[in-house]
Amino acid sequence: MADKTDNEYRQVRISKLDRLREAGQNPYPERFERSHMLADARLLDDDVQGVTVAGRIMTARIMGKLSFITLQDVSGRCQISIRQDDVGPETYKIVKKLVDIGDFIGIAGEMYTTKTGEKTVRAKGFSFLGKTLRPLPEKWQGVQDQEVLYRQRYLDVIMNPESMDRFKLRSNLIRIMRRYLEDQAFMEVETPVLAPKASGAAAKPFTSHHNALDMEVFLRIAPETYLKRCIVGGFDRVFEFARCFRNEGMDPSHLQDFTMLEYYCAYWNYEDNMNFTQKLIQHVLTELFGSLEVEIGGEKIDFSGEWPRVSFRELILKDCDIDIEAFRDADSLRAEISSKGITLEDVEKMGRGNLIDQLYKKVSRPQMTGPVFLTKHPVDLSPLARRNDDEESVSDRFQLVIRGWEVVNAYSELVDPLDQRARLESQAALKASGDDDAMDMDEDYLLAMEHGMPPISGWGMGIDRFCALITNQSNLRDVVLFPLMRPND
RNA sequence: GGGGGCAUAGCUCAGUCGGUAGAGCAACUCCCUUUUAAGGAGUGGGUCGAAGGUUCAAGUCCUUCUGCCCUCACCA
């Protein structure tokens, strides 16, 4: 790792700092006025005067009295040239002797096209804008070491334009979603990250201790119950980009620290919400890609038209010929699964809902490619979802599955406070009997519910997952700028 | 947690059967007014991830450890 402070490069560059100051150049000046981003400068006609650009030096071709330098900024790259005859021998000597690849410089000058056809800014004035003490990675191969790419992400995005583009896309994605929701009268709110209870999902929380209050606090595992309190309070449509934390295993599709977008809409049911989801995602993809066909993992996925809606029951019946409605308790279902020759891990401990979920993950989910709305989950997998009025064993719930990834989870919310109390009591009983993932009793949330809720449909999307999916990344860390790494010093 | 893989100069990588540590880029000293992976001449740069072991001799073989990647399990 680059933690040595005594290497040749650093010593040489520190000595250049002093020489820059002696030559009258501040190595770290306070500002610079740009007229154009580099990508925009390249579009200018020849002979345009008064162009001022700045950026990081990526490559340099230094000659005796004329140099070509490629600068990079967030917009892209542009070549500049510096001629001794234009800037004078003192300044040209600085360029030759004291400027390194990786440094920031700014120039003022005019546009021209070189005889090899490259748009170039010819420097009439030169400003030193920032000294680097470390060399950039190799200009052609860049950084290959996955560990360095994660630990020193700045090097990744400096050297790899596709990586920079991916993070730009993530930013665009979030902006487009935020605007779309705002345009549909949703209001962005912020709810607690640090709370006395980890509620709203089944997951192991991170814990901490609040000194002044002398109490245990939890990092949120979901914003759900607070956003629903907002609905109780009269905000009809709310959303939050909620950083959530779950103290569970890490692998390419799970991070302990991730971003969920959740929204809640009063007076909608889950079917309204499916309609809206389809419009939202079609809008986002059109804005991002100008197309509803996205290539993911080597196959083109078509997001246009109406997406199929299939219930758990229909799906499982189709994929393994088991009608889950015919098996109303865990034991009979377990027997049926094993009689079909399907093996699932740890079936003995599972309730009926979990059995169905595991069965689905085994026989159905891996082969689901295009966008599919999976609906009507077993009610005991959905402690916060509304029970279906016609079938009491299922919930008014859907997930959006794309290429085997559950990207969206949404339902008609349970707004009956007595039903909610009963379901949380059974969750708490599961937890007391050793199920760490079951939910806690949440009296504070029940108190809010008892003050009355309208019909609500809520919705959550794993932003990291969606982003990884549409940027064709298989590891969520590739869409997170600074993933958590074990320190290695 | 199980299994597999990787770790050599600032970066990208070679390193044969165990026998003096290599290249390109980058850096340093020069030359160079149209380059664009600029070119030419020269120079310096290594705790081979760490610690043990085997051996006359270890970057190389063995053990342990650390970090990272993949995979299985777990986990909405």
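A, B, ... follow the sequence lines: proteins, then strands. Residue 1 opens every chain. Predicted model, so just to flag it, every value in this text is computed and none were measured.
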Worksheet item: More 5' along RNA chain B: G64(A) or A60(A), using each one's nearest nucleotide?
Response: G64(A)

Discussion item. I want to confirm an ordering. Mapping T120(A) and M250(A) to their closest nucleotides on RNA chain B, which one lands closer to the 5' end?
Written reply: T120(A)

Please state the [atom1] separation for the pair [N] and [M] - nearest whole angstrom.
N: rG24(B); M: rG15(B); atom1: C1'; value: 15 Å
N: rU35(B); M: rU47(B); atom1: P; value: 40 Å
N: rC48(B); M: rC61(B); atom1: P; value: 16 Å
N: rG46(B); M: rC13(B); atom1: C1'; value: 15 Å
N: rU66(B); M: rA57(B); atom1: C1'; value: 28 Å
N: rC62(B); M: rC6(B); atom1: P; value: 12 Å
N: rG53(B); M: rU60(B); atom1: P; value: 14 Å

Whole-Å gap separating [atom2] ([N]) and [atom1] ([X]):
X: E138(A); N: rG10(B); atom1: CD; atom2: C1'; result: 11 Å
X: E262(A); N: rA76(B); atom1: CD; atom2: P; result: 16 Å
X: K16(A); N: rU29(B); atom1: NZ; atom2: P; result: 7 Å

Are any of the side-chain nitrogens in [X] or [Y] under 4.0 Å away from the carboxylate oxygens of its partner?
X: D46(A); Y: K119(A); result: yes
X: R122(A); Y: E110(A); result: yes
X: D85(A); Y: K65(A); result: no
X: R386(A); Y: D419(A); result: no
X: E271(A); Y: R309(A); result: no
X: K228(A); Y: E240(A); result: no
X: E314(A); Y: K318(A); result: no

Could you check whether [X] gets within reach of a base, just the sugar-phosphate, or nothing at all, counting any heavy atom under 4.0 Å?
X: R365(A); result: nothing
X: M159(A); result: nothing
X: E406(A); result: nothing
X: L155(A); result: nothing
X: G142(A); result: sugar-phosphate
X: Q144(A); result: sugar-phosphate

Worksheet item: Between S199(A) and E224(A), is any pair of side-chain heavy atoms under 4.5 Å apart?
Response: no

Discussion item. Measuring only between side-chain heavy atoms, which start at C-beta, is K376(A) closer than 4.5 Å to F312(A)?
Written reply: no

Using only modelled atom types and a 3.5 angstrom limit, is any donor from either the side chain of [X] or the base of [N] paired with an acceptor on the other?
X: T114(A); N: rU35(B); value: yes
X: E8(A); N: rG44(B); value: yes
X: E118(A); N: rU34(B); value: no
X: R10(A); N: rA26(B); value: no
X: D145(A); N: rC11(B); value: no

Distance test, side-chain N/O of [X] to OP1/OP2 of [N], below 4.0 Å:
X: R13(A); N: rG10(B); answer: no
X: R486(A); N: rG67(B); answer: yes
X: R61(A); N: rU35(B); answer: no
X: K204(A); N: rA76(B); answer: no
X: K139(A); N: rC11(B); answer: no
X: N475(A); N: rC70(B); answer: yes

Discussion item. Is W140(A) stacked against the base of rA37(B), taking the criterion as centroid distance under 5.5 angstrom and interplanar angle under 30°?
Written reply: yes

Response to the item:
Applying the 3.5 Å cut-off to both distances, the Watson-Crick or G-U partner of rC13(B) turns out to be rG22(B)

Fill in: Mate of rC68(B) where both pairing distances stay under 3.5 Å, Watson-Crick or G-U
rG5(B)

Discussion item. Check whether E413(A) reaches the backbone of G458(A) with its side chain - one donor and one acceptor, N or O, closer than 3.5 Å.
Written reply: yes

Report all interatomic pairs (protein N or O, nucleotide N or O of nucleotides 48-50 of chain B) with separations under 3.5 Å.
none

